[in-house]
Amino acid sequence: MNKKSIPQHIAIIMDGNGRWAKMRGKERYEGHIAGVESVRAVVRAAVKHGVSWLTLYAFSTENWGRPTEEVEAIMELFCRTVVGEAPELCRQGVRVKIMGEKERFSAKVLEMIGRIEDETASGDRLTLVLAFNYSARREMILAAQQLAREVAEGNITADAIDEAMFSERLMTRSIPDPDFIIRTSGECRLSNFLLWQASYAEFYFPETLWPDFGEEAFADALEVYARRDRRFGLVTE
Ligand code: FPP
């Protein structure tokens with residue numbers, strides 16, 4: 001595979017942890033624990049293949065509606081993983097960024113977010129963006145509110161607003177749009193993930209449940225991407 005056929009930015013909706021657990025007679029949270037192994041494997045594989053940006057949808061704003069025990073288990077798992085994983089991430093040159101609304105998080109989660117972002121800040125091979133309490137519609141509303149304020153304050157005119165200005169006010173400012181969006185477990189929908197940024201992304205919906213998605217499945221996904229013909233609304237010569 002040549003360098004050009006490797007996506008610069010891959011975004012993944014990690015789906016199927018609950019089904020994976022149920023199939024084994026386990027609790028849902030055990031599926032999430034198994035899912036962390038896949039996170040490790042995919043980060044390793046992304047570094048190995050020279051992917052520069054990897055965004056993982058770890059917790060959507062809608063996920064707060066899940067049973068309290070499951071939400072708490074995901075928060076706990078997030079904190080535990082983030083702290084434990086920092087040295088290995090640094091060794092691999094991975095910089096971590098958390099993307100989402102921070103208001104609803106406990107002090108402990110906020111502390112962990114600060115720690116992992118600080119400790120990995122010098123990583124220069126891969127930026128791992130963890131979408132945590134993220135909602136694409138909410139992100140766009142916040143950007144619209146910000147622009148409205150700037151217009152009201154007289155700093156910009158409404159007519160000057162263009163795609164670049166809007167993008168600059170999203171949580172993904174300074175992150176390139178995803179080239180390739182993967183959702184595991186056979187579900188074929190975006191579920192409020194990167195709606196603006198996905199405009200020209202290629203999509204891939206493997207049947208594999210997230211805890212079964214490892215380095216090999218990641219390499220298969222790269223093969224799928226390499227065969228795609230991206231035209232960005234133009235024609236192929
Ligand atoms: C979707 O599967 C998965 C989630 C909502 C949570 C994913 C979280 C992790 C893998 C742990 C987060 C930690 C880090 C460090 C990123 P589902 O529960 O919707 O599965 P189902 O559709 O089979 O029920």
Side-chain angles (χ1 to χ4, degrees), residues 10-47 53-90 92 94-102 104-106 108-117 119-120 123 126-136 181-194 205-215 217-218:
I10 300 181
I12 307 182
I13 302 173
M14 311 183 284
D15 199 8
N17 294 350
R19 276 164 284 167
W20 183 93
K22 200 168 165 212
M23 280 163 61
R24 288 162 177 76
K26 295 174 187 264
E27 298 292 332
R28 291 182 56 82
Y29 77 88
E30 295 180 86
H32 299 316
I33 292 175
V36 171
E37 273 310 313
S38 298
V39 171
R40 281 195 192 98
V42 163
V43 168
R44 231 177 6 246
V47 171
W53 298 83
L54 175 68
T55 298
L56 301 178
Y57 205 2
F59 192 83
S60 75
T61 306
E62 290 74 26
N63 288 154
W64 290 109
R66 292 191 175 203
T68 316
E69 314 82 70
E70 186 177 345
V71 171
E72 281 174 2
I74 294 176
M75 294 294 155
E76 174 61 30
L77 193 55
F78 176 80
C79 290
R80 210 170 350 125
T81 309
V82 149
V83 177
E85 233 40 49
E88 176 58 17
L89 292 170
C90 289
Q92 293 185 69
V94 178
R95 170 176 71 138
V96 177
K97 290 225 152 282
I98 311 295
M99 176 177 77
E101 277 194 277
K102 309 276 177 354
R104 237 178 128 168
F105 292 138
S106 66
K108 183 177 171 202
V109 171
L110 286 174
E111 189 200 328
M112 296 305 150
I113 289 175
R115 261 174 73 173
I116 190 74
E117 288 189 338
E119 287 175 23
T120 63
L126 170 77
T127 301
L128 172 62
V129 182
L130 296 176
F132 207 64
N133 193 26
Y134 173 81
S135 148
I181 297 183
I182 302 170
R183 182 177 188 142
T184 55
S185 88
E187 306 289 351
C188 304
R189 55 178 175 270
L190 269 182
S191 302
N192 215 352
F193 185 51
L194 301 177
F205 302 107
E207 294 290 327
T208 320
L209 302 175
W210 178 249
D212 294 326
F213 195 91
E215 289 207 38
F218 187 85

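Just follow the structure's listing: the first ligand is 1, and inside any ligand the first atom is 1. The first residue of the sequence shown is numbered 1, and numbering continues consecutively from there.
The closest donor-acceptor contact from the side chain of Thr184 to the backbone of Asp15 lies under 3.5 Å. At distances below 3.5 Å, not a single donor-acceptor pair connects side-chain atoms of Glu70 with backbone N or O atoms of Pro67.
Considering only non-hydrogen atoms, atom 13 (C) of ligand 1 lies nearest to Val36 out of Leu128, Val36, Leu130.
Between Arg19 and ligand 1, at least one pair of N/O atoms sits closer than 3.5 Å. Not one N or O of Asn63 is nearer than 3.5 Å to an N or O of ligand 1, by distance alone. An N or O contact shorter than 3.5 Å is missing between Trp20 and ligand 1 by distance. The shortest N/O to N/O separation between Ile74 and ligand 1 does not fall below 3.5 Å.
When hydrogens are left out, the protein atom nearest atom 4 (C) of ligand 1 is His32 CE1, 3.8 Å; that is the closest non-hydrogen contact. Scanning all protein heavy atoms for the shortest distance to atom 1 (C) of ligand 1 gives Met14 O, 3.0 Å. For atom 14 (C) of ligand 1, the closest heavy atom belonging to the protein is Phe78 CD1, 4.3 Å. Protein heavy atom nearest atom 20 (O) of ligand 1, with residue, atom name and distance: Gly18 N, 3.0 Å. Nearest protein neighbour of atom 8 (C) of ligand 1, counting heavy atoms only, is Ala58 O, 3.6 Å.
Remark: Glu111 does not engage Lys108 in a salt bridge, criterion side-chain N to carboxylate O under 4.0 Å.
In this structure, Arg28 is part of the shell of residues with a heavy atom less than 4.0 angstrom from ligand 1. At least one heavy atom of Arg66 sits under 4.0 Å from some atom of ligand 1. Residue contacts with ligand 1: Leu56 is excluded, as none of its non-hydrogen atoms falls under 4.0 Å.
Every pair passing ring pair (Phe, Tyr, Trp, His ring centres under 6.0 Å) that includes a residue from residues 64-87 is listed here, sequence neighbours excluded: Phe59-Trp64, Phe78-Phe132.
Arg44 pairs with exactly one of Glu88, Glu215, Gln92 by the side chain to side chain donor-acceptor pair (under 3.5 Å) rule, that one being Glu215.
By the side-chain contact (heavy atoms from CB on, under 4.5 Å) test, Ala86 is found to be paired with Ile116, Glu119, residues two or more places apart in sequence or in another chain being considered.
Both the backbone and the side chain of Asn17 come within 4.0 Å of ligand 1, counting heavy atoms alone.
Counting non-hydrogen atoms of neighbouring residues, nucleotides and ligands closer than 6.0 angstrom, the NZ atom of Lys22 reaches no more than 12 such neighbours.
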